[in-house]
Amino acid sequence: MNILIMGAAGSGKGTMSKKIVELYDVPHISTGNMFRDAMRAETPLGLQAKKYIDKGLLVPDDITIAMIQERLNQPDCQKGYLLDGYPRTLVQAVAFEDIAKKIGKPVQIVLNLSVELDALIHRVIDRRMCENCKAIFNLEYLPPKVENTCDYCGSTLVHRSDDTLDQLVVRLKEHVFLTKPVLDYYGYKGLVKYVDATKNIDLVWLDVKAALEKVQ
Ligand code: ADP
Ligand code: ZN
């Protein structure tokens with residue numbers, strides 16, 4: 001299965017992605033996680049990306065496209081993929097057409113998670129994440145069982161450097177001006193499945209699962 005998952009910051013892409021890969025045997029490829037891992041390891045890519053991510057801005061297309069091209073050419077993508085956070089600009093979408101064609105894995109469905117603005121703010125500001133297994137918690141809606149500790153792997157949870165109100169405003173602007181056109185692009189192709197992601201996690205998951213079952 002070849003899946004794209006889209007939605008604004010805080011729409012629940014990471015949470016749904018974890019569930020999708022439990023059910024379907026495809027690699028979860030999150031550009032946000034890839035950049036954060038590179039930032040933690042302080043690689044040249046990570047140092048480059050940090051300049052943009054900490055401001056809430058998108059990482060430039062050439063850097064992002066090169067990273068994703070490399071990743072999609074790994075052998076595990078022969079099973080398909082769940083792409084989370086890519087493509088986020090029209091330039092990235094056009095580059096992706098080419099990459100997908102070359103590996104013979106055209107996208108089959110684009111899941112778009114939509115959430116009301118005020119819900120997004122709380123989801124993002126109170127979000128905590130596990131850098132090790134990428135599980136996502138929320139201090140208000142989905143607190144970890146033990147304070148500041150991942151339920152699944154026991155690692156210490158972190159507050160992302162871009163999960164503040166100021167950065168969120170910038171990220172949402174980037175989303176409206178740069179990423180919304182990507183959604184329209186896939187909309188014309190008839191690939192987009194809209195999911196109301198304001199509902200609770202279990203209900204959103206039912207909708208996502210139903211949408212994916214129709215593809216197979
Ligand atoms: P969220 O969807 O919660 O904003 P992500 O973890 O997907 O977060 O991305 C975090 C940040 O990583 C983005 O704000 C952006 O700076 C960078 N990033 C992720 N994916 C891309 C992409 N496809 N193109 C450019 N920048 C990206
Ligand atoms: Zn964990």
Side-chain angles (χ1 to χ4, degrees), residues 4-18 28-40 45-72 81-96 99 110-115 119-138 142 144-146 148-183 197:
L4 303 190
I5 188 163
M6 297 182 64
S11 58
K13 296 187 299 284
T15 302
M16 286 305 131
S17 293
K18 263 200 159 270
H28 175 205
I29 302 176
S30 154
T31 42
N33 284 342
M34 290 170 82
F35 285 134
R36 279 186 291 276
D37 287 346
M39 279 160 55
R40 262 209 304 168
L45 171 74
L47 296 175
Q48 272 278 329
K50 188 173 166 54
K51 290 190 266 179
Y52 302 93
I53 292 182
D54 280 353
K55 295 194 188 102
L57 297 169
L58 291 183
V59 178
D61 285 333
D62 52 346
I63 299 176
T64 309
I65 292 167
M67 176 178 81
I68 212 73
Q69 172 155 27
E70 218 249 7
R71 181 64 188 87
L72 284 169
Y81 49 77
L82 168 62
L83 258 185
D84 162 4
Y86 184 97
R88 251 179 162 101
T89 65
L90 280 176
V91 173
Q92 293 180 14
V94 171
F96 177 60
I99 300 169
V110 179
L111 294 166
N112 181 57
L113 307 181
S114 51
V115 177
L120 284 184
I121 295 173
H122 288 284
R123 287 192 189 182
V124 168
I125 308 284
D126 292 335
R127 169 158 67 184
R128 295 294 179 272
M129 83 168 282
C130 172
E131 288 183 312
N132 179 43
C133 76
K134 320 297 183 200
I136 296 163
F137 299 86
N138 183 287
L142 192 71
K145 293 195 182 89
V146 179
N148 231 19
T149 306
C150 177
D151 287 0
Y152 308 99
C153 75
S155 301
T156 304
L157 300 180
V158 298
H159 188 203
R160 278 169 48 175
S161 56
D162 57 346
D163 275 352
T164 64
L165 191 55
D166 285 349
Q167 272 86 341
L168 177 63
V169 170
V170 179
R171 284 155 70 197
L172 293 176
K173 274 194 198 149
E174 297 272 84
H175 185 77
V176 170
F177 290 115
L178 296 169
T179 309
K180 277 273 164 71
V182 176
L183 198 61

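We count ligands from 1, going down the list as the structure has it; atoms in each ligand are counted the same way. Numbering of residues begins at 1 and proceeds along the displayed sequence. Everything quoted here is computed from the prediction, not taken from an experiment.
- Protein nitrogen, oxygen and sulfur atoms, that is N, O or S, within less than 2.8 Å of the Zn ion (ligand 2) amount to 4.
- Counting heavy atoms from C-beta outward, Ile136 and Arg160 have side chains that stay 4.5 Å or more apart.
- Annotation: ligand 1 has protein neighbours Ala9, Lys13, Thr31, Gly32, Phe35, Arg36, Ile53, Leu57, Leu58, Val59, Thr64, Gly85, Tyr86, Arg88, Gln92, Arg127, Arg160, Asp162, Arg171, each with a heavy atom less than 4.0 angstrom from the ligand.
- Checking side-chain atoms of Ser155 against main-chain N and O of Cys130 turns up no donor-acceptor pair under 3.5 Å.
- A 6.0 Å sphere centred on NE2 of His159 holds more than 12 heavy atoms belonging to other residues, nucleotides or ligands.
- Applying the side-chain contact (heavy atoms from CB on, under 4.5 Å) rule to Leu57 yields the partners Tyr52, Lys55, Val170, Glu174; only residues at least two apart in sequence or on another chain are considered.
- Ile65 places none of its side-chain heavy atoms less than 4.5 Å from the side chain of Phe96.
- The backbone N or O of Asp162 sits less than 3.5 Å from a side-chain atom of Arg171, completing a donor-acceptor pair.
- Contact annotation: the side chain of Cys150 never approaches that of Asn132 to less than 4.5 Å [non-hydrogen atoms, C-beta and beyond].
- Under a cut-off of 6.0 angstrom, the local environment of NZ in Lys18 is crowded, with over 12 non-hydrogen atoms contributed by other residues, nucleotides or ligands.
- For residues 58-72, every residue pair satisfying the salt bridge (charged side-chain N to carboxylate O under 4.0 Å, His left out) rule, not counting sequence neighbours, is listed here: Arg71-Asp76.
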